[in-house]
> 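Sharing a structure here in structure tokens format.
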Protein chains: 2
Amino acid sequence: MNSLTEENYLKALFNLSQENGEVSVNELSKHLQIKMPTVTSMMKKLSDKKLVNYESYKPLKLTEKGRREAGLVIRKHRLTEMFLVDKMGFGWEQVHEIAEQIEHIHSPEFFEKMDELLGYPKFDPHGSPIPDKTGKVEWIHYSKLSDCKAGDAVKLSAVTHSSDEFLKFLNTRELKLGTKIRIKSIEAFDGSMTISYGKHLSEHVSCLVCERLLVEKE
Amino acid sequence: MNSLTEENYLKALFNLSQENGEVSVNELSKHLQIKMPTVTSMMKKLSDKKLVNYESYKPLKLTEKGRREAGLVIRKHRLTEMFLVDKMGFGWEQVHEIAEQIEHIHSPEFFEKMDELLGYPKFDPHGSPIPDKTGKVEWIHYSKLSDCKAGDAVKLSAVTHSSDEFLKFLNTRELKLGTKIRIKSIEAFDGSMTISYGKHLSEHVSCLVCERLLVEKE
DNA sequence: TTAAATAATTAGATAAGACTAACAAATATA
DNA sequence: TATATTTGTTAGTCTTATCTAATTATTTAA
Ligand SMILES: [Mn+2]
Ligand SMILES: [Mn+2]
Ligand SMILES: [Mn+2]
Ligand SMILES: [Mn+2]
């Protein structure tokens, strides 16, 4: 049984290794806001538990076991977010912090029941895939809106950041998952875009925002 | 902000002082299954935080502040149990352990939402009163079934123990809150009773069971 | 009212998870 | 290549929450 602290390290490793599979102590330290020596000593502990491959001065890698257990924590997190939004009426900007705590509840029955009540959802409210009961996750390759061309017609499928402020900003623009977007023009200088969707015929969004929106081409 | 550990001590003190208002270190130690020296040192800490009145070799007493904060933890516990039963479909015997963990979630909005979805319930699934938002609880004085007389007609209103085994036993006998019970006879030797209710025209229940059932006289 | 039993405290140890300061290794830059 | 910067490790400290062993106070019983 992993402690709450261990679960948070595993989850962070999993999320950070999405890209290249390897993570540096420095990266992990910054992500968790925990100083490097503390991270080093936890890596030794997780290495003893066969959850992480750790060798001095080498990049960190989750083992198969570590990836599985991290996946199960992320499953609990995302199921919880979905439950909070769909069954309790929270907004997608309100759920991350609560899920950050509930993901550590030890009760298979509790999450099993959530899953059942939700009808076995495949994605969380931010469009992230929910790992299956074995901890495996199907990684879907969306494009960033910022990588699209003028004239493209796309569907907003996920967001890469779940901070309160960012999601509230999207709320004010009525941008939600499923929204069909057409790119009217791209400002070459700063990468900002003018887009149209629903009732919004001409909205201007900064590059920072475009990079956080994941879309599927229609 | 109290830690999970502190919250568990406060809750235990609150529950144990229901009777006389005072609790011994020994009692608390046994209830929490934590050795006496550990309890003593926590009492000093809670005393520094003005949550407990502690003096060497004197009985323990929650302060007004301590009683309020304990009440708020118990509120979270009981709201959770109610939510699990009413909104998620768990049986009353399945919810205590889960609530024991969820009661420590720090999110007023989460419990506010539960309360709202439940329609501001006054009692939990075991008939215990839910403290209000200020941590105050209205203590209702039910009688123990074991204190009733032959011939009495009563309504089962609460149970004093929430263990899995006890509640499963009640399930097998179809004894639930609200059940109208008539006491047919009492065995003077061991205090066991023969009772009738619903389709059950003659059930025999031990003294141990009768002491754990709280009833209202009709 | 003294002795025995029980309850409570003190002292000191341990484990988890965090930190800082000092040092070492690896990487980047001149 | 030599030096500077960045990254990572070691050593040692701190806090929280637990324990055991030894001691002291209180309560019960002889
Ligand atoms: Mn999240
Ligand atoms: Mn977390
Ligand atoms: Mn608890
Ligand atoms: Mn209860």
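Below, read A as the first sequence line, B as the second, and so on, with proteins coming before strands; counting in each chain starts at 1.
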> Taking 4.0 Å as the cut-off, does a side-chain nitrogen or oxygen of B/T40 come that near to OP1 or OP2 on C/dA8?
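Checking B/T40 against C/dA8: no side-chain N or O falls below 4.0 Å of OP1 or OP2.
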> Once you round it to whole Å, what is the distance between C1' of D/dT13 and NZ of A/K35?
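Distance check: A/K35 NZ to D/dT13 C1' gives 16 Å.
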> More than 12 heavy atoms of other residues, nucleotides or ligands under 6.0 Å from NZ of B/K50: yes or no?
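Atom NZ in B/K50 is not packed in, count stays at 12 or less.
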> For B/M42 and C/dT9, give me the distance from atom CE to atom C1', rounded to whole Å.
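Atom CE in B/M42 sits about 17 Å away from atom C1' in C/dT9.
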> Just to be sure I understand the rule, does A/K44 reach a base, reach only the sugar-phosphate, or reach nothing, if contact means heavy atoms closer than 4.0 Å?
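Sugar-phosphate contact only - A/K44 comes under 4.0 Å of backbone atoms but never of a base.
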> Quick check on DNA chain C: between B/K58 and A/Q33, whose nearest nucleotide comes earlier from the 5' end?
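That would be B/K58.
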> With ring centroids as reference points, do A/H126 and A/H96 lie under 6.0 angstrom apart?
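So the answer is no for these two rings.
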> What does A/T38 touch in the nucleic acid at a heavy-atom separation under 4.0 angstrom: a base, only the sugar-phosphate, or nothing?
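Base, at least one base heavy atom under 4.0 Å.
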> From C-beta outward on A/N26, which listed nucleotide comes closest to its side chain: C/dC19, D/dT9, D/dG8?
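Selected nucleotide (nearest to the side chain): D/dG8.
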> Start at the 5' end of DNA chain C and walk down; is the nucleotide closest to B/M36 or to A/L4 reached first?
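Looking at DNA chain C, the more 5' nearest nucleotide goes with B/M36.
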> Within less than 4.0 Å of OP1 or OP2 of D/dT18, is there a side-chain N or O belonging to B/Y9?
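Yes, within the criterion.
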> Of the nucleotides D/dA25, C/dA18, D/dG8, which has the atom closest to the B/Y57 side chain?
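Closest nucleotide to the B/Y57 side chain: D/dA25.
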> Between A/L46 (CG) and C/dA16 (C1'), how many Å, whole number?
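Taking CG of A/L46 and C1' of C/dA16, I get 13 Å after rounding.
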> Taking only the side-chain heavy atoms of A/K45 (C-beta and beyond), determine which of C/dA16, C/dA8, D/dT20 contains the nearest atom.
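Of all the options, the side chain of A/K45 is nearest to C/dA16.
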> OP1, OP2 of C/dG17 versus side-chain N and O of A/T5: anything below 4.0 Å?
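The answer is yes; a side-chain N or O of A/T5 sits under 4.0 Å from OP1 or OP2.
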> Grab the CG-C1' distance between B/N8 and D/dT16 for me, whole Å please.
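So the two atoms are 15 Å apart, to the nearest Å.
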> Checking contacts here: which listed nucleotide (D/dG8, C/dT20, D/dT20) is nearest the side-chain heavy atoms of A/P37?
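Looking only at side-chain atoms, A/P37 lies closest to C/dT20.
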> Select base, sugar-phosphate, or nothing to describe what A/S41 touches, counting heavy atoms under 4.0 Å on all strands.
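Result for A/S41 = nothing.
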> Please state how far atom CG in B/L60 lies from atom C1' in C/dA8, giving the value in whole angstrom units.
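Whole-Å distance recorded here is 10 Å.
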> For A/K61, does the NZ atom sit with more than 12 other heavy atoms under 6.0 Å from it, leaving out its own atoms?
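Counting other residues, nucleotides and ligands, NZ of A/K61 stays at 12 neighbours or fewer.
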> Take the protein atom CD of B/E55 and the nucleotide atom P of C/dA8, then report the distance between them rounded to whole Å.
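That distance rounds to 14 Å.
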> Please step through side chain to side chain donor-acceptor pair (under 3.5 Å) for the pair B/E211 and B/S146, ending with a clear verdict.
CA-CA 5 Å; B/E211 281 172 348; B/S146 55; 4.9 Å; no
> Say you draw a straight line from NZ of A/K133 to OH of A/Y120; how long is it, rounded to the nearest 0.5 Å?
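Nearest 0.5 Å value for the NZ-OH distance: 6.0 Å.
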> A/Y54 has an atom OH; how far is it from atom C1' of D/dT10, in whole Å?
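So the OH-C1' distance, A/Y54 to D/dT10, works out to 10 Å.
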> Rounded to whole angstroms, how far apart are CG on A/L32 and P on D/dG8?
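Those two atoms, CG and P, are 14 Å apart.
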